[in-house]
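We number each residue from 1, following the sequence as shown.
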Amino acid sequence: MFGEQPDDLWLWAETGDRRQAKDLNTATAAKVDQYVAAVEAFAASNTAILALADELAAGTIEATLANSDLELGVETLAGSR
């Protein structure tokens, strides 16, 4: 899910930009500014989550099972696992 969301962020940002370009009353403009800030914060957190997921992917069970017993033994003895 997080991997697909960056593809849609442009739409959310564009929606905020279009709303900000309109002649809005003060209260509505403040809400739109909150929306734009929330989209920016979401984009930043999504990027951080994807970076962490990439970092953790090396230690998944699938990555471990992809190695042979010999490779796992050598990595364990070397202290890298």
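- Separation of atoms CD1 (I49) and CG (D54) is listed at 12.5 Å; rounding is to 0.5 Å.
- Through direct or relayed side-chain contacts under 4.5 Å between Ile, Leu, Val, Met, Phe, Trp and Tyr, L77 connects to no other residue.
- In this structure, the side chain of E71 engages the main chain of S68 through a donor-acceptor pair within 3.5 Å.
- Among residues two or more places apart in sequence or in another chain, the side chain to side chain donor-acceptor pair (under 3.5 Å) test is passed with D17 by none.
- In this structure, the side chain to side chain donor-acceptor pair (under 3.5 Å) partners of T28, at least two apart in sequence or on a different chain, are N25.
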Would you be so kind as to tabulate the donor-acceptor pairs closer than 3.5 Å made by side chains of residues 33-41, with sequence neighbours excluded?
unit_1 : atom_1 : unit_2 : atom_2 : d
D33    : OD1    : Q20    : NE2    : 2.9
Y35    : OH     : W12    : O      : 3.1

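- Residues forming a side-chain contact (heavy atoms from CB on, under 4.5 Å) with T26 (at least two apart in sequence, or on another chain): none.
- Taken from CG in L9 to CD in E14, the straight-line distance is 12.5 Å, to the nearest 0.5 Å.
- To the nearest 0.5 Å, atom CG of residue L50 and atom OG of residue S45 are 9.5 Å apart.
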